[in-house]
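By convention in this document, chain letters (A, B, ...) are assigned in the order of the sequence lines, proteins followed by strands, and residues within each chain are numbered from 1.
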Number of protein chains: 2
Amino acid sequence: MMKIGELSARTGVSIRSIRYYEQQGLLTPVRQENGYREYSPFAEEQVRTIQLYLNLGLSTEQIAGFLHCVLQNKESFCKEVFPVYRQKLAEIEEQIKLLQSIKSNLEERM
Amino acid sequence: MMKIGELSARTGVSIRSIRYYEQQGLLTPVRQENGYREYSPFAEEQVRTIQLYLNLGLSTEQIAGFLHCVLQNKESFCKEVFPVYRQKLAEIEEQIKLLQSIKSNLEERM
DNA sequence: CTTGACCCTCACATCAATGTCAGGGTTTAT
DNA sequence: ATAAACCCTGACATTGATGTGAGGGTCAAG
């Protein structure tokens with residue numbers, strides 16, 4: 001069992017962010033008598049997993065929708081994941097298109 | 001000479017935005033005795049020009065740096081424009097790269 | 001003179017994850 | 001017992017263009 005400082009040090013994620021993930025329902029540490037958060041060793045992987053999905057551009061809300069499942073199964077077994085991926089892919093493709101059209105526009109002007 | 005409502009109607013840009021552009025130094029209407037903003041007919045082109053650059057992803061601050069020049073000359077004569085374009089292009093290319101790497105990552109996971 | 005359509009300023013809200021204080025309690029080592 | 005190093009909550013700030021609302025002045029047509 002570890003306290004928030006250690007979890008932060010182990011994962012490289014700020015204490016502020018770890019508390020925020022909890023507020024968003026992504027982490028649920030137990031509380032000691034003194035009010036301190038207490039994390040199981042497993043929380044380290046959990047935080048890394050959260051970071052992985054944030055780096056894919058997903059929101060904490062989206063992650064909350066399937067985190068529970070992917071922590072227990074392989075991602076490919078969690079059917080909640082794929083609609084999110086599909087939507088994110090569509091957003092990204094649209095964004096790339098927009099950026100490319102702006103890019104062409106800028107290049108013409110140069 | 002026209003008031004802000006007419007300028008808004010002619011350009012399709014909200015009154016709120018027109019006031020904001022003024023606050024950012026992009027428009028400088030004269031004031032009537034009653035405090036109303038009064039725009040020359042030329043302001044219409046000016047607002048459209050501002051929109052054009054905003055749609056290229058430039059900030060009002062960047063636009064402020066060269067708007068005066070491009071309103072009086074052809075864009076290609078305003079040397080202040082090109083560093084901004086170059087920087088924006090670099091940002092866009094980096095952004096596209098990032099999105100494409102996320103996209104590949106997502107596609108692998110599907 | 002009144003009503004409706006304008007105009008004004010000021011200021012808060014948006015979005016989302018994170019930084020950063022303030023003010024205060026706890027624990028650990030000396 | 002004290003100091004350093006933790007931990008807690010709550011709250012404001014960031015970013016940038018725009019929406020929205022309050023509270024109030026102006027003007028034109030009836």
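Atoms CZ (A:R37) and P (C:dT26) sit 16 Å apart, rounded to a whole Å. Atom P of nucleotide D:dG19 and atom CD of B:Q23 are separated by 15 Å, given to the nearest angstrom. Taking atom CE on B:M1 and atom P on C:dC7, their separation rounds to 15 Å, with Å as the unit. Rounded to whole angstrom, the span from the CD atom of A:E33 across to the C1' atom of C:dT27 amounts to 14 Å. Whole-Å rounding puts the B:I50 CD1 to D:dG16 P distance at 17 Å. Atom pair B:R31:CZ and C:dC8:P shows a separation of 6 Å (rounding to whole Å applied). If you take CD of A:Q51 and P of C:dT18, they are 6 Å apart, rounded to a whole angstrom. One can place OH of A:Y53 at 20 Å from C1' of C:dA16, the figure rounded to the nearest angstrom.
For the pair B:I50 and B:V13, the minimum side-chain heavy-atom distance is 4.5 Å or more. A heavy-atom distance below 4.5 Å is found between the side chains of A:E45 and A:T49.
At the phosphate of D:dA17, OP1 or OP2 sits under 4.0 Å from a side-chain N or O atom of B:T60. Side-chain nitrogen and oxygen atoms of A:S17 include none within less than 4.0 Å of the OP1 or OP2 phosphate oxygen of C:dA17. At the phosphate of C:dT18, neither OP1 nor OP2 sits under 4.0 Å from any side-chain N or O atom of A:Y20.
Comparing A:E38 and B:Y21 by the nucleotide of DNA chain D whose heavy atom lies nearest to each, the residue mapping closer to the 5' end is A:E38. Comparing A:I15 and A:N34, the nucleotide of DNA chain C nearest to each residue sits closer to the 5' end for A:I15.
Within residues 90-98 of chain A, no residue places a heavy atom under 4.0 Å from DNA chain D.
In this pair, B:Y85 and B:Y53 present their aromatic rings tilted. The plane angle is within the 30 to 60° band.
The side chain of B:R16 approaches D:dT20 more closely than any other nucleotide in the set C:dT9, C:dC7, D:dT20. Nearest to the side chain of A:I4, among D:dC7, C:dG19, D:dA17, sits D:dC7. Taking only side-chain atoms of A:S59, from C-beta outward, the nucleotide of C:dC6, D:dC8, C:dA17 with the closest atom is C:dA17. In the set C:dT18, C:dT9, D:dG19, the nucleotide with an atom closest to the side chain of B:R19 is C:dT9.
At a threshold of 4.0 Å, the pair B:E91-B:K88 counts as salt-bridged, since one of the basic side-chain nitrogens sits closer than that to a carboxylate oxygen. Salt bridge B:E6/B:R10: present, at least one basic N to carboxylate O contact under 4.0 Å.
Listed for the B:N105 side chain is no donor-acceptor partner under 3.5 Å among the backbone atoms of B:S101.
B:M2 and B:Y36 end up in different hydrophobic clusters when Ile, Leu, Val, Met, Phe, Trp and Tyr side chains are linked at under 4.5 Å.
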